[in-house]
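We count ligands from 1, going down the list as the structure has it; atoms in each ligand are counted the same way. Predicted, not measured: the structure shown is a model, and the values here were computed from it.
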Amino acid sequence: MVMTVGILALQGDYNQHKRVLDILGTNNIYVRHKQDMKLCDALIIPGGESTTISKQIDNNNLRKPIIEFSKNNIVFGTCAGMIMLSSSSKSNNLTPLGLMDFSVSRNAWGRQINSFSDDLDLEFDNIRFHAVFIRAPKVSRMGKDLKVLATYNNKPVMVTDGHHFVCSFHPEIGSDF
Ligand code: GLN
């Protein structure tokens, strides 16, 4: 069976994810409507601006369908996507999906001007991974059943609950694949 990965294409760097999946030979489609999700086995929520992604999810009536989809399928969130998967408190312009039990502090790795890239430790491989951080969220609270997959300066920057995955950095930018 061929697996299809959906990439939420409302705002952000969804085209970078497509580029990587195409290079890897992974079947993928852009997701903009709930019908698109019927064709997917997993979903990527990309980096971008979480307030805009949150609004666009609601404008496109995708909130419930994504939450339903996440019950039986893997969702992977990078940067703004990580914010969307979190259970951080809601503010007037941002309502996270609450798919995983952790909270973040937005832009806590630095503002746009302090964007950086550096090598970090992966728990599941011996290589040092070169990661790009752009106004990245920092984990401020971790649920007890979460597992840290990568750290930077001893802080979790990639986390799973055994089902979904999130990372503060942009694995789709760069050439580590
Ligand atoms: N700072 C952005 C936000 O709060 C996330 C940045 C990113 O996705 N690179 O949504």
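Under a 3.5 Å cut-off, the side chain of Asn28 and the backbone N or O of Thr26 do form a donor-acceptor pair.
Using a 4.0 Å cutoff on heavy atoms, Met82 does not count as a contact of ligand 1.
With ligand atoms numbered from 1 in the order given, ligand 1 contributes 3 (C), 4 (O), 10 (O) to contacts under 4.0 Å with heavy atoms of Ile83. Using a 4.0 Å cut-off to heavy atoms of Asn107, the atoms of ligand 1 that qualify are 1 (N), 2 (C), 4 (O). Near Ile134, meaning under 4.0 Å from one of its heavy atoms, ligand 1 places the atoms 6 (C), 7 (C), 9 (N). The distance from ligand 1 to the heavy atoms of Gly47 drops below 4.0 Å at these ligand atoms: 8 (O). Which parts of ligand 1 touch Ser50 is read off a 4.0 Å heavy-atom cut-off, strictly below it: atoms 3 (C), 4 (O), 10 (O). Proximity to Gly48 (heavy-atom distance under 4.0 Å) selects the following atoms of ligand 1: 2 (C), 5 (C), 6 (C), 7 (C), 8 (O), 10 (O).
Under a hydrophobic-cluster definition in which Ile, Leu, Val, Met, Phe, Trp and Tyr are linked whenever side-chain heavy atoms come within less than 4.5 Å, directly or via other members, Phe76 and Val104 are assigned to different clusters.
Looking at ligand 1, you won't find any N or O of Thr51 less than 3.5 Å from one of its N or O atoms. Checking only distances, His170 does come within under 3.5 Å of ligand 1, N or O to N or O. For ligand 1, the polar-atom distance check against Ala80 finds a nitrogen or oxygen pair separated by under 3.5 Å.
Applying the side-chain hydrogen bond (donor to acceptor under 3.5 Å, both in side chains) test to residues at least two apart or on different chains, the pairs with a partner in residues 90-105 are Ser91-Asn93, Asp101-Arg141, Ser103-Arg141. For residues 96-122, the ring-ring contact (aromatic ring centres under 6.0 Å, His included) pairs, not counting sequence neighbours, are Trp109-Phe133, Trp109-Tyr152, Phe116-Phe133, Phe116-Tyr152.
Counting protein heavy atoms only, atom 4 (O) of ligand 1 is closest to Arg106 NE, 2.7 Å. Scanning the protein for heavy atoms near atom 7 (C) of ligand 1, the closest one is Cys79 SG, 2.8 Å.
A pairwise comparison of heavy atoms in Cys40 and Gly6 identifies SG-CA, 3.5 Å as the closest pair.
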### Task
Under the salt bridge (Lys or Arg N to Asp or Glu O under 4.0 Å) rule, what do Glu172 and Lys18 come out as? Steps first, then yes or no, please.
CA-CA 9 Å; Glu172 74 284 9; Lys18 178 163 183 49; over 6 Å; no
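Atom OG in Ser117 sits 12.0 Å away from atom NE2 in His170 (nearest 0.5 Å).
Look at Lys34 and Glu68 and you find no salt bridge, because none of the NZ, NE, NH1 or NH2 atoms lies under 4.0 Å from a carboxylate O.
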